[in-house]
Amino acid sequence: MRLAAIILFSLVAACKSEPTFDQRYEAAEEKIRSTAKEIDQEIATRASQQATDAPADQAENAEKQAGT
């Protein structure tokens, strides 16, 4: 009885096939697109912060130069 259960379990486990090339490609493509989108958002956020900080930095530099 145990042997039959082990064989049955082995057959069921063996039935699960590995993903095809196309499935792996699609998964990798989705991951790459997701990562690229995150990177683009981070770049946009940093550029926005730099644009916001730039006028304050320029004013501070002008004050320093005027004081010298």
Side-chain angles (χ1 to χ4, degrees):
M1 187 66 158
R2 287 184 187 177
L3 181 60
I6 292 173
I7 291 173
L8 182 61
F9 179 74
S10 297
L11 289 174
V12 170
C15 288
K16 183 178 179 184
S17 63
E18 294 201 17
T20 64
F21 173 81
D22 290 335
Q23 291 169 331
R24 292 190 322 252
Y25 183 89
E26 288 174 10
E29 182 180 27
E30 179 62 31
K31 184 176 180 180
I32 290 168
R33 288 186 188 277
S34 175
T35 302
K37 186 176 181 179
E38 290 173 10
I39 291 170
D40 288 343
Q41 289 174 344
E42 184 176 336
I43 289 171
T45 300
R46 287 185 184 185
S48 175
Q49 287 174 348
Q50 287 177 349
T52 303
D53 293 344
D57 290 343
Q58 289 174 352
E60 184 178 312
N61 288 337
E63 288 177 10
K64 286 181 183 178
Q65 288 178 355
T68 57

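This chain uses plain numbering: 1 for the first residue, then up along the sequence.
- Among residues two or more places apart in sequence or in another chain, the side-chain hydrogen bond (donor to acceptor under 3.5 Å, both in side chains) test is passed with Glu30 by none.
- Around atom CD of Glu18, no more than 12 heavy atoms belonging to other residues, nucleotides or ligands sit under 6.0 Å away.
- Formation of a donor-acceptor pair under 3.5 Å by the Ser48 side chain with backbone atoms of Ala44 is not found in this model.
- Side chains of Glu29 and Arg33 form a contact here, defined as non-hydrogen atoms less than 4.5 Å apart.
- Nearest heavy-atom pair, Gln23 versus Thr20, reported as atom, atom and distance to 0.1 Å: OE1-N, 2.8 Å.
- Interatomic distance, Thr35 OG1 to Lys37 NZ, rounded to the nearest 0.5 Å: 12.0 Å.
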